[in-house]
S.K.: 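The structure under discussion is supplied below as structure tokens; questions concerning it will follow.
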Amino acid sequence: MRRPLVGVTGPDKGGLAAWLCTWLAIRRAGGKACRITPSRQHPVDIDALVLGGGSDVDPRHYGQERLELEESIREQKGERVWWRRWLNIVLFPLLWLLRRVLSTRQAPAVDRARDELELKMLGAALLRQIPVLGICRGAQLLNIGLGGSLHQELSAFYTEIPQVRTVFPRKEVLLEPDSRLAGILGAASARVNALHDQAVKTLGSDLRVVAREPSGVVQAIEHTRQPLALGVQWHPEFMPQIASQQNIFRALVRQAARQPGE
């Protein structure tokens, strides 16, 4: 049986760890992944689309100017988690390396060529009703592509609850019990990783919030009219050891194997 072809978007520079982990997750789920970047556009029709993580989406796409965070705020964030970083280095060198490769701090603040490519591909995928999975930046782009906006800075959500930033599944998210995502994960809550600095603010058309963290930050969204169009703020590709997170890719590939409208 032919493996469904899943297009996975990413940047021209960097993002190798995310691509390799996503490729593996799709392969394990029964699909075949192809990498798509602004300079590496795939010429054939795909059966599903994964919008990968990376640098921030240009806020001009949702009517805002870029918010420049003060360096002191970034330094304070680093001070709060220094011991966790050392723990990661000592105990989990491989995952620490993946986290370093994933980091977009040295990348351009925005990648306009990638924004345009992904918004175009998202529109075509929704029109064809093929399954879509947005991961971190990809979830944000799914929201923006349907007319929504983002919180560019999240410190106001963490005045009483610490902000977790780690590749390990340490953040709890609460799922809407009647959501497609809850059915995929088979649970009412989940422990996930957190590598993001932005999140959904106003929802795009035909989207609903299906997961939040206790602070109120949106952690997942779903399209209410598409067979499967899901955005998760975390990185399931970096949790291959957790079966429920692998189920996200299984659901994507399973849907991709069906004909549109089934």
S.K.: Are the side chains of Thr22 and Arg35 in touch, meaning some heavy atoms are under 4.5 Å apart?
M.R.: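 They are not in contact (no side-chain heavy atoms under 4.5 Å apart), so the answer is no.
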S.K.: Should Glu153 and Gln198 be marked as a side-chain hydrogen bond (donor to acceptor under 3.5 Å, both in side chains) after you check the CA-CA gap, both sets of side-chain angles, and the distance that decides it?
M.R.: CA-CA 6 Å; Glu153 205 274 319; Gln198 301 186 340; over 6 Å; no
S.K.: Keeping Arg250 on the side-chain end and Arg28 on the backbone end, is there a donor-acceptor pair under 3.5 Å?
M.R.: no
S.K.: To the nearest 0.5 Å, tell me how far Leu141 CG sits from Thr9 OG1.
M.R.: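 Interatomic distance, Leu141 CG to Thr9 OG1, rounded to 0.5 Å: 8.0 Å.
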S.K.: Give me the atom names and distance for the closest heavy-atom approach of Gly30 to Pro4.
M.R.: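 Between these two residues, the closest heavy atoms are O-CD, 3.6 Å.
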S.K.: Could you walk me through whether Ile248 and Leu185 satisfy the side chain to side chain contact (heavy atoms under 4.5 Å, CB included) test, starting with their C-alpha distance in whole Å, then the side-chain angles of each, then the deciding distance to 0.1 Å, before giving a yes or no?
M.R.: CA-CA 7 Å; Ile248 295 175; Leu185 297 181; 4.0 Å; yes
S.K.: Would you call Arg208 and Asp178 a salt bridge, taking side-chain N to carboxylate O under 4.0 Å as the test?
M.R.: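 So Arg208 pairs with Asp178 through a salt bridge.
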S.K.: Side chains of Tyr62 and Gln152, heavy atoms from C-beta outward: is any pair under 4.5 Å?
M.R.: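 They are in side-chain contact.
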S.K.: Report the distance from atom CG of Leu5 to atom CD1 of Ile46, rounding to the nearest 0.5 Å.
M.R.: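 So the CG of Leu5 and the CD1 of Ile46 are separated by 7.0 Å.
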S.K.: To the nearest 0.5 angstrom, please state how far the CZ atom of Arg128 sits from the CD atom of Gln226.
M.R.: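 Result: 11.5 Å between the selected atoms.
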S.K.: Between Leu195 and Arg165, what is the shortest heavy-atom contact and its length?
M.R.: O-NH1, 2.8 Å
S.K.: Quick one, Glu172 and Glu213 - any side-chain contact, counting heavy atoms below 4.5 Å?
M.R.: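 When only atoms from C-beta onward are counted, Glu213 and Glu172 do not touch, as no gap falls below 4.5 Å.
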S.K.: Under the side-chain hydrogen bond (donor to acceptor under 3.5 Å, both in side chains) test, which residues partner Glu116, sequence neighbours left out?
M.R.: none
S.K.: For the residue pair Glu237 and Trp19, confirm or rule out a side-chain donor-acceptor distance under 3.5 Å.
M.R.: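 No, because no side-chain N or O of Glu237 sits under 3.5 Å from a partner of the opposite role on Trp19.
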S.K.: With rounding to the nearest 0.5 Å, note down the distance linking CZ in Phe238 to CD1 in Ile135.
M.R.: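 Phe238 atom CZ to Ile135 atom CD1 measures 9.0 Å (nearest 0.5 Å).
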S.K.: Step by step, would you call Gln41 with Leu117 a side chain to side chain contact (heavy atoms under 4.5 Å, CB included)?
M.R.: CA-CA 9 Å; Gln41 299 185 32; Leu117 169 66; 3.7 Å; yes
S.K.: Treating Arg3 as the side-chain partner and Arg27 as the backbone partner, does any N or O pair qualify as donor plus acceptor under 3.5 Å?
M.R.: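 Yes.
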S.K.: His223: which residues meet the ring pair (Phe, Tyr, Trp, His ring centres under 6.0 Å) condition with it, sequence neighbours left out?
M.R.: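 Counting only residues at least two positions away or on another chain, His223 forms no ring pair (Phe, Tyr, Trp, His ring centres under 6.0 Å).
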S.K.: Hydrogens and angles aside, do Gln233 and Gln219 bring a side-chain donor and acceptor to less than 3.5 Å of each other?
M.R.: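 No, Gln219 and Gln233 have no side-chain donor paired with an acceptor closer than 3.5 Å.
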S.K.: Within this structure, what is the CD1-CD distance for the pair Ile144 and Glu118, rounded to the nearest 0.5 Å?
M.R.: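 One gets 10.5 Å once the value is rounded to the nearest 0.5 Å.
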S.K.: List the steps, then state whether side chain to side chain contact (heavy atoms under 4.5 Å, CB included) holds for Val110 with Val57.
M.R.: CA-CA 6 Å; Val110 294; Val57 180; over 6 Å; no
S.K.: Under a 3.5 Å cutoff, is there a donor and acceptor pairing between the side chains of Thr37 and Asp12?
M.R.: yes
S.K.: Could you go step by step and tell me if Leu51 and Leu122 meet the side chain to side chain contact (heavy atoms under 4.5 Å, CB included) rule?
M.R.: CA-CA 8 Å; Leu51 301 168; Leu122 173 62; 4.3 Å; yes
S.K.: Does Val217 belong to the same Ile/Leu/Val/Met/Phe/Trp/Tyr cluster as Leu174, with side-chain heavy atoms less than 4.5 Å apart forming each link?
M.R.: no
S.K.: Would you indicate whether the side-chain heavy atoms of Asp111 and Ser55 approach each other to under 4.5 Å?
M.R.: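 The answer is yes; the side chains approach within 4.5 Å.
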S.K.: Let me see the working for Asp197 and Arg137 under salt bridge (Lys or Arg N to Asp or Glu O under 4.0 Å), right down to the final yes or no.
M.R.: CA-CA 10 Å; Asp197 294 310; Arg137 165 200 160 95; over 6 Å; no
S.K.: Tell me which one of Arg2, Lys32, Arg258 satisfies side-chain hydrogen bond (donor to acceptor under 3.5 Å, both in side chains) with Asp47.
M.R.: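 So, applying the side-chain hydrogen bond (donor to acceptor under 3.5 Å, both in side chains) to Asp47 and each of Arg2, Lys32, Arg258, only Arg2 qualifies.
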S.K.: Does Glu176 reach the side chain of Glu222, with side-chain heavy atoms less than 4.5 Å apart?
M.R.: no
S.K.: Kindly give the heavy-atom pair with the smallest separation between Ser149 and Thr202, and that separation in Å.
M.R.: OG-OG1, 2.5 Å
S.K.: Does any part of the side chain of Phe157, heavy atoms only, come nearer than 4.5 Å to the side chain of Gln163, both counted from C-beta?
M.R.: no
S.K.: Let me check something: do Leu24 and Leu133 share a hydrophobic cluster, defined by ILVMFWY side-chain heavy atoms less than 4.5 Å apart, either directly or through other members?
M.R.: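 The answer is yes; both residues are in one hydrophobic cluster.
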S.K.: Would you call Asp58 and Arg114 a salt bridge, using N to O less than 4.0 angstrom?
M.R.: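 Not counted as a salt bridge, because no side-chain N and carboxylate O are separated by less than 4.0 Å.
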S.K.: How long is the straight-line distance from NZ of Lys171 back to CZ of Arg191, given to the nearest 0.5 Å?
M.R.: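 Result: 11.0 Å between the selected atoms.
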S.K.: What's the shortest heavy-atom distance between His235 and Met239, and which atoms?
M.R.: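 Taking every non-hydrogen atom into account, O-CE, 3.7 Å.
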S.K.: Is there side-chain contact between Leu207 and Asn143, with at least one heavy-atom pair below 4.5 Å?
M.R.: yes
S.K.: Tell me, do Asn193 and Phe168 make a side-chain contact under 4.5 Å, heavy atoms counted?
M.R.: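 In short, these two side chains do not touch, never coming nearer than 4.5 Å.
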S.K.: Please find the pair of heavy atoms, one from Leu154 and one from Ala199, that lie closest to each other, and give the distance.
M.R.: CD2-CB, 3.9 Å
S.K.: Can you name the closest pair of heavy atoms from Leu230 and Ile221 and give their distance?
M.R.: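 Reported closest heavy-atom pair: CD1-O, 3.3 Å.
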